[in-house]
Amino acid sequence: MLTTLLAVVVAGFVIPPPPADAAPLGLNPLQWTKSHDSERQKYAGISVTPSVPIKMSDGTVLRADIYRPADGAGRATRDKNPVIVNLTPYNKLIAMIAAAGSNVPGLSQPMFDLLASINLSGTPISGTERLLKVANGGLPSVFSVDPKLVRSGYTQIVVDVRGTGTSQGVWDVFGNREQKDTVEVLDWARTLPYSNGDLGMSGYSYSAINQLQAASKRPKGLKAIFPAAPMTDIVADVVAPGSGYGAGFLALWLFAVNATKVIPDVPSLLRGQFDPIWLRDRLNDPAVFVKEYLEGLTATDVNSLSGRTRELVQLDSTYRKALTTDAARIQIPTFVVGGWQDLFTNMEWRALDQLSGVPAAQKKLVMSTGEHMTNGWDMRGAPGQPPSMAVLQRAWFDRWIKGVPNRIDEYPSATSHQQGGGWVQSQQFPRGDQQHRRLYLTPARSGTSPTSVRDGSLSASGPKTTARWTVSPGVTTLCSGDTNRDQIGFLSSFDFCTGDNRIAERGALTFTSPAVPQATSINGPINVHLRTQVDATDGFYVAVVSDVAPDGTSKVLTTGSMTVSIRNQIDRAASRYAPNGDLVDPIYALDAYRRDLVKPGAVQYLDIGTLGTDALIKRGHRVRVSVYAFNAPRAVSFGPISHDSGLKPEHVLLDPANPSWVQLPSSRPIG
């Protein structure tokens, strides 16, 4: 008896079994939406205190906006409540405006409902629906502040990270000092007079990443986190996706942070206050990381790299280690939301595995079909959809911070919207309903891609003849689904690019399967194994997998890239393999100082791992693999690699004796 009691105490969280007559939760438990959306919350109002200074251990002052439960007149309660912390680099004023604009009584919700009701299916701008419906998916509430969450009995605090927004200092970009700041902010929040000592963390993108960083350090009082669109390896996931150089998104992101950090602290100015240290810090370092960005794009030799640029591409550097979060150290309930076309899919689909220290009932994954700014557009609580992110976040915090028995611990571990299909729930991802199978790249003409550089086939048997097909670096990928992924969904309205990859494929070698006779599921990682030849000492290859409809429309499912000179940096312990020994999920070290240059003309074998995916290939549809020598702007070659490759044409060798193939995890044979 004593042993059992001790086990319960050590476990920390006790999950009682559901009553025998409890109804199944299903995809959309209505009680969670009812609790979140009700206007009859515990508190009638919200009290906002802007620009509260928080002094860090080195003297730097961060600034926070605090949202507390209040009565109808806006007087903050004296009750002690849990505190939810959100650290952002995008200026807390934007979060305040977003929260205010999305919660105007009698106006905001009817407007969001109207936008979400617009049906553009079958029009040339059908992708616009993602942008119109995203507000009802809860992204604004998770990104900024959820007033309904506050009124239900939580204090929310939004803090500008060091060197951004209204906070003093120099932006440390996920570095060790910034991570120390996060822990210090949590300790400050935990001891506030109106805090009951229980903490949670929320936020989107950057704010999701620092949640995982903080949770891995196990700070006192942190009970649960809700990271929406996170990542755990900044270099592999966004700086160098697939060993390329994420030039497009990085430019957009650095501009956004550096622009919003010069917006002054408006609430303080209105009170007649101004922080000269903040101004000094901005003048001293107006464009953080821009020098490193340009250096990575233009340097001709790794030995010419300096400072943090050098550290970024050196595996064992102090800064590189700081950019990698060991999610296995996290031990608190964690709910991850991501998207199959998100920037950070590379981590998101792996979340359940990476969170190996968290029990199954305390970790959940929901994958939308959205891009970075449209995640959740398809999770609005409508029939056949899960609840919104805001609803799930409230239910998660209620269960694991307040102890409310709302059964979210019984929600399936993985909830995924299949690309081309509907929502599927399972206890693991990848699901166990697929088998890894090879499809061979052959020179046999498929007849489905007449405008590509070469039109080949995917076949269950190898090629009958040899061929040497050539592809050159180009910019057709500027009009592609990958560019929309890279530009966070801003281009969703342009269906002719974002919803149909045929313009991009004009610069590719394409290999297309026969039409599938029955709907076939693909879920998990995909590896494209190529026999290659380059005319220089290095090269850069890209593989894109798409779903081809009977009318020829080619929609990107997933993407990957590979630099020839890192082919020997594979981490075999971290990589995954099919039962026949084929690589299905190659993981590379990505160390620019250990590159293995090649002799021009020598044959090399490359394994190009794509982002994990979940798709339903409908009857009559086909699977296509497109091979490029460039993927601007999502993944171009790193400066020294571009120099060594000379951006020369590259070759794929198709040989019956040494075939190239793609490893697809599918529920039925394809081809």
Side-chain angles (χ1 to χ4, degrees), residues 420 437-482 496-497 499-517 520 522 526-534 539-562 606 608 610 615 617-618 620-631 649-656 658-664 666 669-671:
R437 300 176 174 90
R438 276 192 189 186
L439 283 177
Y440 294 93
L441 279 61
T442 81
R445 186 173 177 274
S446 77
T448 63
S449 187
T451 60
S452 60
V453 175
R454 298 298 293 267
D455 170 27
S457 296
L458 293 177
S459 172
S461 56
K464 306 297 184 185
T465 60
T466 61
R468 181 178 185 263
W469 283 6
T470 300
V471 63
S472 300
V475 295
T476 59
T477 51
L478 291 172
C479 183
S480 69
D482 265 9
F496 66 93
C497 280
D500 190 348
N501 219 46
R502 283 179 288 184
I503 292 177
E505 290 165 1
R506 290 176 179 269
L509 310 176
T510 58
F511 303 88
T512 311
S513 77
V516 298
T520 301
I522 295 174
I526 296 171
N527 179 39
V528 181
H529 176 82
L530 296 181
R531 190 167 188 252
T532 66
Q533 192 177 50
V534 293
F540 182 69
Y541 286 80
V542 175
V544 173
V545 181
S546 57
D547 175 351
V548 181
D551 66 359
T553 301
S554 177
K555 289 194 173 183
V556 172
L557 299 177
T558 184
T559 181
S561 53
M562 176 68 191
L606 305 183
I608 307 175
T610 72
I617 310 301
K618 295 177 182 176
H621 286 230
R622 305 166 188 263
V623 174
R624 174 174 294 159
V625 173
S626 303
V627 178
Y628 304 82
F630 221 54
N631 193 9
E650 302 172 351
H651 318 285
V652 174
L653 306 179
L654 307 174
D655 185 346
N658 299 283
S660 296
W661 40 261
V662 56
Q663 256 285 0
L664 279 174
S666 59
I670 296 174

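In this chain, numbering begins with 1 at the start of the sequence shown. When reading the values below, keep in mind they use all heavy atoms of this one structure, side chains included, and skip hydrogens, waters and symmetry mates.
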Exercise. Does any non-hydrogen side-chain atom of His529 lie less than 4.5 Å from one of Ser660?
Worked result: no
Exercise. Out of curiosity, Asp482 CG to Thr477 OG1, how far, rounded to the nearest 0.5 Å?
Worked result: 8.0 Å
Exercise. What's the shortest heavy-atom distance between Thr466 and Pro656, and which atoms?
Worked result: CG2-CD, 3.6 Å
For this session: Would you please classify the geometry between the Trp469 ring and the Phe511 ring as parallel, tilted or perpendicular, with 30° and 60° separating the classes?
Result: parallel
Problem set entry | Distance in Å, Asn631 CG paired with Phe540 CZ, rounded so as to fall on 0.5 Å steps | 7.0 Å
For this session: Output yes when a side-chain donor or acceptor of Asn501 lies under 3.5 Å from a complementary backbone atom of Lys555, and no otherwise.
Result: no
Problem set entry | Donor-acceptor pair, side chain of Arg622 and main chain of Ser513, under 3.5 angstrom | yes
Problem set entry | Gap between atom CG of Leu458 and atom OG1 of Thr510 - 0.5 Å precision | 9.0 Å
Problem set entry | Side chains of Thr553 and Arg502 in contact at under 4.5 Å (non-hydrogen atoms) | yes
Exercise. Got a donor-acceptor contact below 3.5 angstrom from the Tyr541 side chain to the His651 backbone?
Worked result: yes
Seminar exercise, completed: Looking only at heavy atoms, the pair that brings Ala504 and Tyr628 closest together is O-CE2, 3.2 Å
Exercise. How about Thr448 and Arg624: do any of their side-chain heavy atoms sit closer than 4.5 Å?
Worked result: yes
Problem set entry | Sub-4.5 Å side-chain heavy-atom contact between Thr559 and Thr610 | no
Exercise. Under 4.5 Å between any side-chain heavy atoms of Cys479 and Phe496, yes or no?
Worked result: yes
For this session: Would you check if Glu650 and Val534 make a side-chain contact, meaning some heavy-atom pair closer than 4.5 Å?
Result: yes
Seminar exercise, completed: When every non-hydrogen atom of Pro473 is compared with those of Ala629, the smallest separation belongs to N-CB, 3.6 Å
For this session: Indicate the atoms forming the closest heavy-atom contact of Ile670 with Leu439, along with that distance.
Result: O-CD2, 2.7 Å
Exercise. What heavy-atom pair brings Gly620 and Pro550 nearest, and what distance separates the two atoms?
Worked result: O-CG, 3.7 Å
Exercise. Considering all heavy atoms of both residues, which atom of Ser446 and which atom of Gly456 are nearest to each other, and what is their separation?
Worked result: CB-O, 3.4 Å
Exercise. Atom CZ in Arg531, atom CG in Asn658: separation rounded to 0.5 Å?
Worked result: 4.5 Å
Seminar exercise, completed: Distance col, row Phe630:CZ vs Thr476:OG1, nearest 0.5 angstrom, shows 11.5 Å
Seminar exercise, completed: In this structure, CG of Asp455 is separated from CZ of Arg445 (nearest 0.5 Å) by 5.5 Å
For this session: Begin from the C-alpha positions of Val662 and Ile526 and carry the test side chain to side chain contact (heavy atoms under 4.5 Å, CB included) through to its verdict.
Result: CA-CA 7 Å; Val662 56; Ile526 296 171; 3.5 Å; yes
Problem set entry | Check against side chain to side chain contact (heavy atoms under 4.5 Å, CB included), Ser554 and Asp547 | CA-CA 6 Å; Ser554 177; Asp547 175 351; over 6 Å; no
Exercise. Got a donor-acceptor contact below 3.5 angstrom from the Ser626 side chain to the Glu505 backbone?
Worked result: no
Exercise. Under the side chain to side chain contact (heavy atoms under 4.5 Å, CB included) criterion, do Trp661 and Asn527 qualify, and how do the steps go?
Worked result: CA-CA 8 Å; Trp661 40 261; Asn527 179 39; 3.9 Å; yes
Exercise. Hey, are the side chains of Leu557 and Ile617 touching, using non-hydrogen atoms and a 4.5 Å cut-off?
Worked result: yes
Exercise. Should Thr520 and Val623 count as side-chain neighbours, where that means a heavy-atom distance under 4.5 Å?
Worked result: no
